[in-house]
Number of protein chains: 2
Amino acid sequence: MPSLSPENSPLSQKLSHFISMDEGELDCLAALQSNPIRLERGSELIRQGEVGRFACFMQSGWGCSFKLLQDGSRQIITFPIAGDCIGMRSVLLRVSDHSFCALTDVSVTRVEVSQILPLFTRYPRLGSALLWATSRDEAITVDHLASIGRRTALERTAHFFLELSERLMMVGLTSEVEFHCPLTQYDLADALGLSAIHVNRVLRELREIKLLTFHEGKVTFHDKAALKTLAGYETIDGHTNIDTGSST
Amino acid sequence: MPSLSPENSPLSQKLSHFISMDEGELDCLAALQSNPIRLERGSELIRQGEVGRFACFMQSGWGCSFKLLQDGSRQIITFPIAGDCIGMRSVLLRVSDHSFCALTDVSVTRVEVSQILPLFTRYPRLGSALLWATSRDEAITVDHLASIGRRTALERTAHFFLELSERLMMVGLTSEVEFHCPLTQYDLADALGLSAIHVNRVLRELREIKLLTFHEGKVTFHDKAALKTLAGYETIDGHTNIDTGSST
DNA sequence: CGACGCTTTGACACAACTCAACAACCGTGG
DNA sequence: CCACGGTTGTTGAGTTGTGTCAAAGCGTCG
């Protein structure tokens with residue numbers, strides 16, 4: 001795997017959707033992401049209940065952050081990909097409220113909070129871009145919550161892949177119609193609040209109605225427009241189709 | 001309703017669980033919260049899809065922030081209470097991804113983001129306390145997500161009230177065994193991802209097994225320990241009961 | 001008084017879960 | 001080379017938790 005030039009890291013790609021960056025800002029981002037660490041598939045970087053000592057930026061690979069519940073089941077919160085920040089909350093809360101596990105081999109760089117805060121003073125635009133990215137992640141979590149709470153399994157699954165695709169798009173990891181996706185149906189189940197068996201049935205239905213195929217680690221959209229209609233999908237950055245009504 | 005002395009505002013009460021504040025910091029918080037605005041029950045302060053122009057701190061009353069879905073259903077994300085910040089994400093994302101509605105008469109103060117950012121420079125401890133509070137809210141949302149995804153209706157409802165109680169506790173709005181709670185069963189349903197009718201059944205069961213009563217706007221815990229066991233509850237600030245296992 | 005908002009209950013339907021079995025694919029080791 | 005266990009995917013049958021529909025009770029308020 002070729003090492004990316006720092007100026008074109010996934011993170012800077014992502015942030016450039018929000019602000020355009022000058023050389024100093026790009027250098028600062030590059031410095032934040034020096035010395036990547038390689039993690040093997042399956043390794044747990046963060047453990048629920050342990051003290052969070054650092055945050056990380058993902059450089060490449062797929063992971064999942066999840067909560068373990070009393071009865072042994074787990075709820076996957078998100079699948080971090082290149083350009084995403086993980087574990088920031090754990091640091092601020094001191095104790096980690098969730099775990100992080102690598103689903104493929106993964107490359108990350110550690111950042112100390114002490115590196116981040118001064119950044120807001122020296123590179124305020126970069127700081128606000130990071131805040132924007134964080135808010136965006138939060139909005140995705142909230143969307144996820146609404147999905148699990150109020151959408152059917154079919155809608156929910158469709159919505160998930162559309163959102164994932166949009167996230168991958170921002171870091172240049174997908175074309176319009178298909179992308180690589182190393183998740184198992186068990187992973188999907190734990191993310192979507194379903195059983196793995198039901199995920200299988202839902203995926204079959206999505207395939208049969210010719211909207212989307214999930215096969216051999218590859219997701220293919222057959223009719224993105226219809227999929228968006230089915231899922232009630234609105235782009236993450238706020239363009240909504242909903243008529244919010246008016247009266248009390 | 002007597003106006004609170006600024007030094008004892010819900011927000012400063014909440015933050016004082018994280019840092020102890022000196023006079024300058026308290027004054028700064030007080031300044032942030034001057035000129036409260038009164039909102040009538042039912043008024044919508046933030047509308048999904050509109051441009052988010054400001055954030056607010058709640059002074060008193062109850063509200064709900066929620067997402068509207070395509071089919072008209074809604075998912076309530078959280079019920080902001082005194083001391084909570086609302087709409088911050090909407091400002092940073094420019095377009096609001098959710099709505100906010102007052103469930104009782106409510107008093108809030110507007111804050112411009114331009115007021116917040118310099119605060120991190122002048123009162124860094126206050127800034128980090130605010131970050132902590134924000135992270136804590138995020139952790140609650142994530143918990144909520146796990147609840148809806150993986151807990152049964154009964155566990156989920158129990159968990160919700162325990163968490164709510166802990167939040168109220170931080171701003172001095174509850175005793176150990178009971179608290180005022182103006183939510184309807186419809187509100188609960190939209191928060192818990194259930195139908196109102198099923199919420200009613202669940203509440204009846206919680207009453208029958210003598211764990212919790214929800215009646216006439218009042219929540220009473222009859223056996224908090226048993227309730228925590230049922231819900232698999234861990235305190236928000238990270239003290240967990242879960243044995244995270246060990247092997248791969 | 002009637003209208004309305006909220007709660008409560010029952011009967012029934014259905015989405016999603018569980019259990020069980022099997023198929024396909026992998027890497028490993030004999 | 002093939003046998004093997006482990007992981008992942010697939011399918012069917014039966015169960016159950018939760019949703020839907022319908023109706024009634026009960027406050028409050030105009």
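Side-chain atoms are counted along with the backbone in the values below, which use heavy atoms only and exclude waters and symmetry mates.
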- [ ] Starting from C1' on dT7(D), measure out to CG on Leu103(A) and report it in whole angstrom.
- [x] 15 Å

Task: Qualifying ring pair (Phe, Tyr, Trp, His ring centres under 6.0 Å) pairs, either residue in residues 154-178 of chain A, two or more places apart - done: Phe79(A)-Phe160(A), His159(A)-Tyr233(A), Phe161(A)-Phe214(A)

TODO: Starting at atom CG of Asp190(A), determine the distance to atom P of dT8(D), rounded to an integer number of angstrom.
DONE: 12 Å

- [ ] Could you work out which one of dT18(D), dT8(C), dG9(D) sits closest to the side chain of Thr184(A)?
- [x] dG9(D)

- [ ] Return the value, rounded to whole Å, for the distance between atom OH of Tyr186(A) and atom C1' of dT10(D).
- [x] 11 Å

Open item on the list: What is the distance, to the nearest angstrom, from the NZ atom on Lys218(A) to the P atom on dG9(D)?
Closed with: 16 Å

Open item on the list: Is Asn200(A) close enough to dG9(D) that one of its side-chain N or O atoms is under 4.0 Å from OP1 or OP2 there?
Closed with: no

Open item on the list: Between Lys67(B) and Leu145(A) (side chain of the first, backbone of the second, donor and acceptor by atom type, cut-off under 3.5 Å), is there such a pair?
Closed with: no

Open item on the list: Can you tell me how the ring of Phe221(B) sits relative to the ring of Phe179(B), calling it parallel under 30°, perpendicular over 60° and tilted otherwise?
Closed with: tilted

Open item on the list: Using the side-chain heavy atoms of Ala153(A), tell me which of these nucleotides is nearest: dC6(C), dT7(C), dA16(C).
Closed with: dA16(C)

Task: Positive for side-chain contact (heavy atoms from CB on, under 4.5 Å) with Cys56(A), one of Thr109(A), Ile46(A), Leu45(A), Ile37(A) - done: Leu45(A)

TODO: To the nearest Å, give me how far apart CG (Leu203(B)) and C1' (dT18(D)) are.
DONE: 15 Å

Open item on the list: When you measure from the side-chain N and O atoms of Gln185(B) to the phosphate of dG5(C), is any distance below 4.0 Å, counting only OP1 and OP2?
Closed with: no

Distance-only check: which donor-acceptor pairs under 3.5 Å involve side-chain atoms of residues 202-211 of chain A, not counting sequence neighbours?
none

Open item on the list: I need a per-nucleotide contact map over nucleotides 17-25 of chain C, read 5' to 3'. Cutoff is protein heavy atoms under 4.0 Å; write B for the base, S for backbone only, - otherwise.
Closed with: BBBB-----

- [ ] Go through the side-chain N and O atoms of Asp137(A) and Thr134(A) and say whether any donor and acceptor fall under 3.5 Å apart.
- [x] no

TODO: Can you tell me the distance, in whole Å, between the CG atom of Leu154(B) and the P atom of dG17(D)?
DONE: 11 Å

- [ ] Calculate the interatomic distance between Glu205(B) atom CD and dT8(C) atom P; express it in whole Å.
- [x] 15 Å

- [ ] To the nearest Å, give me how far apart CD (Glu155(A)) and C1' (dA16(C)) are.
- [x] 14 Å

